[in-house]
Structure formats: structure tokens, C-alpha cells
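These notes are about the structure you will find just below.
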2 protein chains.
Amino acid sequence: MAVRKYSRQRESIREMLLSRKDHPTADAVYADIRKIYPNISLGTVYRNLSLLAELGEIKKLSVGDGSEHYDADTTPHNHFTCRCCHAVIDLDMEDVSSIKETAAKRFDGDIEDYSINFYGVCGICKSKSS
Amino acid sequence: MAVRKYSRQRESIREMLLSRKDHPTADAVYADIRKIYPNISLGTVYRNLSLLAELGEIKKLSVGDGSEHYDADTTPHNHFTCRCCHAVIDLDMEDVSSIKETAAKRFDGDIEDYSINFYGVCGICKSKSS
DNA sequence: TTCGATAATAATAATAGTTACTGAAATTAT
DNA sequence: ATAATTTCAGTAACTATTATTATTATCGAA
């Protein structure tokens, strides 16, 4: 893949991701993008999501629910997964990126990146169950 | 499943996990346990790993490499994944569990747990490549 | 503007990881 | 020992993801 060529599908996937504040799985992206390109292939969705992630334009999130989630917001922030409704949401919290240096202190390798996932019950599910 | 019954296989899986300091996948556990129980089923391994995780006796780790890893050390600690040799190792670092409270400050749900994964190049791979 | 090279696509097959099902064997209570 | 119930091995099924292939779209040059 020497020269990267433009594709409507990829552009559409990028724009769609940017427009949502949630963190859809490949399947959710596929369902959404089919409204614009009814016969886009799921393989195309996977390929372009991986490509965009490689290029650093989006982020791949592994929250441990069996499938990958994608996030167009590449600025450093952390996520919360509700064990009740399974939503993956952004956490509004003060910067804790210093943990990277904390981790590096007694480690002889190079730490390039990190991800923090919080788990529990979200506000909505909490109010429903009470 | 009212009364849980003893099983040699489950006990063997637990002991095996306790004896290793790495964080094997179900498949790695299967390969190892077959040395003792040559015709144990992969399904049995999965079922018991899930069961032990539910009981809180082991921890399931999602590091984003496509498969789950298992850790018999349930005390709070963090992990590092080498993007070179793909090893998942424990990080010896000072306690950062206060991030749980930091995250809770501006959040209306309940935060029950969290996991931190660090990524980069481990010491061994680093020395090899230089 | 057409042409030729090649990247990207849709459709589908294949793979990997995991879970579900079934009848037989093991474990515990009676 | 016998009955009741769990767990097992073996296997099929399922879900998420990647690979293959023939066709189509993009793009730079003639």
C-alpha cells in the first residue's frame, strides 16, 4: 500500500465517528453507515477502522466486553463501562497522566501508552434500580 | 447450580494458575493442563476459568490482543503489554488506586473497579533491538 | 480525456476465540 | 449402595474479525 487513495466510504466512516459521542463497535458503525451506503461491506468497515486507528485518527478501545470500540476523540481521556447497560462513556475527570511516569520509575522497558477503564453502574442504571 | 461440587480439573487449573507468574490465555492454560489431564476439554478450561473469575478467585484481564488473559493474583496491581513480544507482565509500581476517587468526583454513577494497562516495549525487547 | 497502474470495494470464505449442548462419568447426600 | 445433581469430554454452534477474490474507483501521466 504505497499511495493511499481517497474513498467515500472511509471518509463517511470517519465523519460518522466524529459525529457521535458514544464509542460504537464495528457492528454499530456498520449499522449506521448502511443508512448512507446501503451495500457497504462489513469488511470495509473493519478495514477502515483499523486503518484510521493505525493512522492515529481514531482510537481503538478494549473494554473487555468481547468486541472493540472506536473513539474519534484522540485526546487523552478515560472511559467507564456500565456492567448494567454496557454503555461505554467518557469520564470527566482531572488529568492522571502522571501515572505513566509513576509506572516508568521501576520499569526497565519503554512505556509508550496506557489506558484506564473504570467499571461499575452508571448514573442512569443506578437511579432505575433504586 | 445450587451446590458447587469439587472437581480435580478445576482444582488443577487453579493450582496451575497460582504457580505461574505470567498471565496465560485460556489456550495456554489448556496446553499446560493437558500435561496432567491429557484429555481435558478446552470447554472445561473455559468454563472453570469463568467460574473462578466469577467467584473472585482469579482475575480476567483484557489487554486488547484478541484474547482474555487470566491472573491468579487478585491483589490490586497493574499490567504492561509489550507490543513487540506480546508478553503481559506485572508492573512493580507504587499504588495509584486514588484514581478511583478522582474518577468518582464528577461522576454520578458508582465506580466499583478499574484496570490500567500500559503498552510499550519491554526491557528484553528493548535491549535486543538496540 | 483517456489510459494504465493500483488501491479500495463488495461479497464471501475462512479463522480465532468462546459458549452451548449432550450423554456419560464423578461427586456428594441419603 | 443408591439417588440426585454437578461436572466432564466431545462436539457443534456462535460471534468477532481477518483474508481472498474479482470488480470498481481513484489518480497521475500521456
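Every chain is numbered from 1, with letters handed out A, B, ... down the list of sequences.
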Contact list please: residues 12-20 of chain B against DNA chain C, heavy atoms, distance less than 4.0 Å, in numerical order. none

d(OH, B/Tyr30; C1', D/dT11) in whole Å: 12 Å

Set of salt bridge (charged side-chain N to carboxylate O under 4.0 Å, His left out) partners for B/Asp110, sequence neighbours left out: A/Lys126

Output every pair passing salt bridge (Lys or Arg N to Asp or Glu O under 4.0 Å) with a member in residues 25-46 of chain A, not counting sequence neighbours, ordered by first then second residue. A/Arg20-A/Asp32, A/Asp32-A/Lys35

NZ/NE/NH1/NH2 to OD/OE distance under 4.0 Å, A/Lys21 and A/Asp71: no

Spacing of B/Asn48 atom CG relative to D/dT6 atom P, expressed in whole Å: 15 Å

For atom CD1 of A/Ile36 and atom C1' of C/dA10, their distance in whole Å: 17 Å

Let me test you: for the helix from C/dT1-D/dA30 to C/dT30-D/dA1, what is the angle between the axes at its two ends (five pairs each), rounded to 10 degrees? 30°

Residue set satisfying ring pair (Phe, Tyr, Trp, His ring centres under 6.0 Å) with A/His77, at least two apart, ordered chain then number -> A/His79

Closest of D/dT18, D/dT7, C/dA8 to the A/Arg10 side chain is C/dA8

Is it the case that more than 12 heavy atoms not belonging to B/Leu42 sit under 6.0 Å from its CG atom? yes

Contact class for B/Asp27 vs. all strands (heavy atom < 4.0 Å): base, sugar-phosphate, or nothing? nothing

Looking only at the side chain of B/Ser41 (C-beta and beyond, no hydrogens), which of the listed nucleotides C/dA8, D/dT11, D/dT17 gets closest? D/dT11

How long is the line joining OH of A/Tyr46 and C1' of C/dA16, in whole Å? 12 Å

Near DNA chain C, which residues from residues 60-70 of chain B have a heavy atom under 4.0 Å away? B/Gly66, B/Ser67, B/Glu68

What is the distance, to the nearest angstrom, from the CG atom on B/Leu42 to the P atom on C/dT15? 18 Å

With B for base contact, S for sugar-phosphate-only contact and - for none (protein heavy atoms under 4.0 Å), nucleotides 21-30 of chain C reads ------BS--

Contact under 4.0 Å: B/Asn39 side-chain N or O vs D/dC8 OP1/OP2: no

For A/Lys105, which residues count as a salt bridge (charged side-chain N to carboxylate O under 4.0 Å, His left out) partner, sequence neighbours excluded? B/Glu94

B/Glu11 bridged to B/Arg8 by N-O distance under 4.0 Å: no

State whether a side-chain donor-acceptor pair under 3.5 Å links B/Glu68 with B/Ser62. yes

Where the side chain of B/Ile40 is concerned, which of D/dA9, D/dC8, D/dT17 is the nearest nucleotide? D/dA9

Using the test salt bridge (charged side-chain N to carboxylate O under 4.0 Å, His left out), find all partners of A/Asp73 that sit at least two apart in sequence or belong to another chain. none

Output the rest of the hydrophobic cluster of B/Val96: all Ile, Leu, Val, Met, Phe, Trp and Tyr residues reachable through side-chain heavy-atom contacts under 4.5 Å, sorted by chain and number. A/Phe80, A/Ile89, A/Leu91, A/Met93, A/Val96, A/Ile99, A/Phe107, A/Ile111, A/Tyr114, A/Ile116, A/Phe118, B/Phe80, B/Ile89, B/Leu91, B/Met93, B/Ile99, B/Phe107, B/Ile111, B/Tyr114, B/Ile116, B/Phe118

Among residues two or more places apart or on two chains, list those pairs meeting ring-ring contact (aromatic ring centres under 6.0 Å, His included) that have a residue in residues 27-50 of chain A. none

For B/Asp92, give me all partners under side-chain contact (heavy atoms from CB on, under 4.5 Å), at least two apart in sequence or on another chain. A/Arg106

Are a donor atom and an acceptor atom from the side chains of B/Arg47 and B/Thr44 found within less than 3.5 Å of each other? yes

Looking at A/Gln9, does any N or O in its side chain come under 4.0 Å of the phosphate oxygens OP1/OP2 on D/dA25? no

Please give, in whole Å, the distance from C/dA10 C1' to A/Ile33 CD1? 15 Å

Can you check whether B/Glu54's main-chain N or O pairs, donor with acceptor, with B/Lys60's side chain at less than 3.5 Å? no

